Every structure is written in structure tokens, then in C-alpha cells.
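When a ligand or atom number is given, it counts from 1 through the structure's own listing order. Not measured: the values here are computed from a predicted model.
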Amino acid sequence: MSFTPVVRRTPPRLYRSKLFVPGSRPQLFEKAAASAADVLCLDLEDAVAPADKDKARDNIVSALKEIDFGRKLITVRINGLDTHWCYRDVLALIEQGGERLDAIMIPKVGCAADVYAIDMLVTQASVAVGRKKRIGLEVIIETALGLGNIDEIAQASGRLESLHFGSADYAASQGMRTTNIGGGNVDYVMLTDPDVNGGRARHWNDLWHYPLFRMCQAARAHGLVPIDGPFGDYSDGEGFRAQAMRTAILGCEGKWAIHPNQVALANEIFTPPQKEVARAEAILSAMKEAQEKGLGAATLNGVLIDAASIRQAQVIVEQMAMIREQSSC
Ligand code: COA
Ligand code: MG
């Protein structure tokens, strides 16, 4: 290990599915509260039309005080720092929203100072109203500038808990040729060299691999949780599954759901498969046995396992323990 250890700053909890609900559709709040999502995001930003911003803010402030959200993590996405709604969003949530809110999500973060500015507002308002519960911050990486400054952003505040990747805004910011939200592009391909008959295969590439990998790496390097963003075509469960599986494998702990029918898919994909859990448990018990015999490495079904295998297995076993605990409540 480095002499500078990475300390996980985010309390361990489930993030498998984060259901978005526009603040301008309060009739959906109770349904979202009753859903199986681990996290809710009441939205003030892009799902709310400019004319509805004030009303949406009022709706969310009332909901935070009136609706029973159970044990869900409750977050609100505020408007960006380049708008005139942003400061009022923060102040209304802290000054009038009571104690239920868990975290504020900041969109389109470009540099560490963006996070610093929101932290300053949250801190001042929290002290002024005597708020007891600490508010966390979540950041969306969805601009070329934000991705470029991701390491400094990830260290910008002690309130930070998670980084999220927003594919649609990111694509717009970078001038990428895509108009769907988080899906593939039929033309982003590699052609194999011709085979003996001159045939060439087309292999689709993942447009989102680099930014998602980079976000996972920056989040983990600074003790934060990486979360995959939206997949716009909510009628394409198979496409959602494939995208979610790739990011689960890269290290994301969950994915946004922009429609209730994506919640179960996200919960399923971000729950470690039974086969992986069984193998992780077997690794831990085989390594315990090896250590009792004074050995640092052992074999399990003919495959080498060692201290690194313990760390890999622990990630899966701890995640599964949280899921079992939640489903037993
Ligand atoms: N949260 C809770 N319930 C929701 C919901 C949500 N986000 N979206 C839809 N529902 C409910 C509907 O009320 C409906 O309930 P019913 O069966 O009791 O009538 C059911 O789920 C099916 O809804 P459907 O008719 O398929 O959806 P819709 O046309 O009403 O809305 C969207 C579709 C995409 C506009 C809506 O899901 C939505 O606004 N999603 C969030 C978008 C967002 O916040 N984007 C920003 C982040 S990218
Ligand atoms: Mg966005």
C-alpha cells in the first residue's frame, strides 16, 4: 500500500438503483417512495422546464417534510452553478426542507471551485438553521472540463460521497456524434482485417468506456463511490442490462433509473451474482485455513489465491451482507 492510504469517505450503503423523479411531477413522489429503488433523486434540473422551477422547488421542500421515504437515500439534483436558480435551490432545501434530505447532487461540475461554492452555501445555511444531519454532496461528471479536472473535483470537499457519469451532457460538451442517452453508435466500430475470403467483421466499440473507467478510477482513488448515469431508451431492457453489466464490472456500485421499469434491472445487475458470492465466500474460508497453517497462498479448485484474492472477495461479501440486511428489514 501507498504511505497515503485511500480512506473510503462514503458510509457503506446500497446505491444499486437511483430513481429520478421530476420535481414538477409531485404525483410521482409517493410512487417513487414505494418503489424498490435504493436511492431517489428528486430533480430540479433538466427534467424541469424553466417556467416550473419555483413550483418544483416548493414541491420538493414539502415532500421532504411530508412523505415517508423509509430507509431510502434521498437526494435532490439542484440547478447548475451557471443558472440563477442554483443558490435558491440550496438555500430552500437547507432552510425549509427539514432534516430528511441526505445529499445534494451538483450537475455539470467543471472544477473544484464549483463544489467548494456549494459546500460553502450548504455549510453556512446548515449552521444558521442548526441542522443536525450532515448533508452529503454528489457530483455529476458530464462535461469535458469536469472529466479533465476529475481528480481535483473528487478532493474538493469533505462532504463528497459519489461521482456520477452523465452521458448525454458529456456527449454534447465534447461534440460527440450521438443523440441517444447512454446507448451505442452503429458507426463506432472496428473492422477486422479481411479473412481468406475477403470477409471483414464489424465490432461495435463502447463509446463510454474511457470516461466511465476514468470516473471509477478517480472515485476510488479518493474514497468515493462511482455510479453510472442514465440509459435513455427505457423500452430496451436488454440494452440497459448490457450497459449496466459493463459498468458493474468496472467498479460502479449502481446506475440511474429514469423510469421505474429500470429499477429492478439495476438492482439485479448491481447485486453480485450468486456464483460470485459463493466463490468469494469459498476464497475467504480457504485463505483462513491457509493462514492458520502459516501459508500466504493456497489453491482453490486448481487456481491460485492469495492476499489480493482476500481483498477482492471481501468487496463482494461486504456488498452482499448489506443487500441481505436490507432485504431482511
Ligand atoms: N417515478 C415514479 N413513478 C413513475 C416515474 C418516476 N420517475 N415515471 C413514471 N412513473 C409511474 C407512472 O406514474 C405510471 O404509474 P401508474 O402505472 O400508476 O399510472 C407508471 O410509472 C408508468 O409510467 P409511464 O406512463 O410509462 O411513464 P410516463 O410517460 O408517465 O413518464 C418519463 C415517462 C420518462 C417522462 C418519466 O418516467 C420521467 O419523468 N422520468 C424521470 C426523468 C428524469 O428525471 N430525467 C432526469 C435524469 S436523466
Ligand atoms: Mg445532465
*Check each of E30, H259, Q262, K18 against atom 23 (O) of ligand 1 and report the one with the nearest heavy atom.*
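Of the listed residues, H259 has the closest heavy atom.
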Salt bridge or not for [X] and [Y], using N-O below 4.0 Å?
X    : Y    : result
K53  : E45  : no
R25  : E30  : no
E161 : R8   : no
D89  : R57  : yes
K133 : E99  : no
R241 : E268 : yes

Distance to 0.1 Å, residue and atom name: give those for the protein heavy atom nearest to [atom].
atom                    : result
atom 40 (N) of ligand 1 : I258 O, 2.7 Å
atom 6 (C) of ligand 1  : L28 CD1, 3.8 Å
atom 18 (O) of ligand 1 : K31 NZ, 3.0 Å
atom 39 (O) of ligand 1 : P22 CG, 3.3 Å
atom 30 (O) of ligand 1 : R25 NH2, 3.0 Å

*Please collect all salt bridge (charged side-chain N to carboxylate O under 4.0 Å, His left out) contacts where either partner lies in residues 166-185, sequence neighbours excluded, each pair once.*
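Matches after skipping sequence neighbours: K108-D169.
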Which atoms of ligand 1 have any heavy atom of [X] under 4.0 Å away?
X    : answer
A47  : 43 (C), 44 (O), 45 (N), 46 (C)
Y234 : 33 (C), 34 (C)
L19  : 1 (N)
D43  : 46 (C)
R77  : 46 (C), 47 (C)

Are [X] and [Y] close enough that a side-chain donor and a side-chain acceptor fall under 3.5 Å?
X    : Y    : result
Q326 : D38  : yes
R159 : T123 : yes
Q217 : R214 : yes

*Is the shortest N/O to N/O distance between F20 and ligand 1 below 3.5 Å?*
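Yes - when backbone and side-chain N and O of F20 are compared with those of ligand 1, one distance drops under 3.5 Å.
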*asked:* I want to know if ligand 1 touches P260 in the polar sense, i.e. an N/O pair below 3.5 angstrom.
replied: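 Among all N and O atoms of P260, none is under 3.5 Å from an N or O of ligand 1.
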*Counting only non-hydrogen atoms of the protein, does one fall under 4.0 Å from atom 20 (C) of ligand 1?*
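Looking at atom 20 (C) of ligand 1, one finds that no protein heavy atom lies closer than 4.0 Å.
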*asked:* Could you check whether atom 25 (O) of ligand 1 has a protein contact, counting only heavy atoms that fall below 4.0 angstrom?
replied: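 Given the 4.0 Å cut-off, atom 25 (O) of ligand 1 does not count as touching protein heavy atoms.
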*Closer than 2.8 Å to the Mg ion (ligand 2) - protein N, O or S atoms, ordered by chain and residue number*: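 Protein N, O or S atoms closer than 2.8 Å to the Mg ion (ligand 2): E142 OE1, D169 OD2.
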_With rounding to the nearest 0.5 angstrom, report the OH to CG distance, Y210 to L147._
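Here the rounded value is 5.5 Å.
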*Is it true that the NZ or CZ of K255 lies under 6.0 Å from the centre of F240's six-membered ring and within 45 degrees of the ring axis?*
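Judged by the rule, K255 and F240 form a cation-pi pair.
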*Check the hydrophobic clustering (I, L, V, M, F, W, Y; side-chain heavy atoms under 4.5 Å; chains of links allowed) and say if V76 and V109 are grouped together.*
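Yes, V76 connects to V109 through the hydrophobic network.
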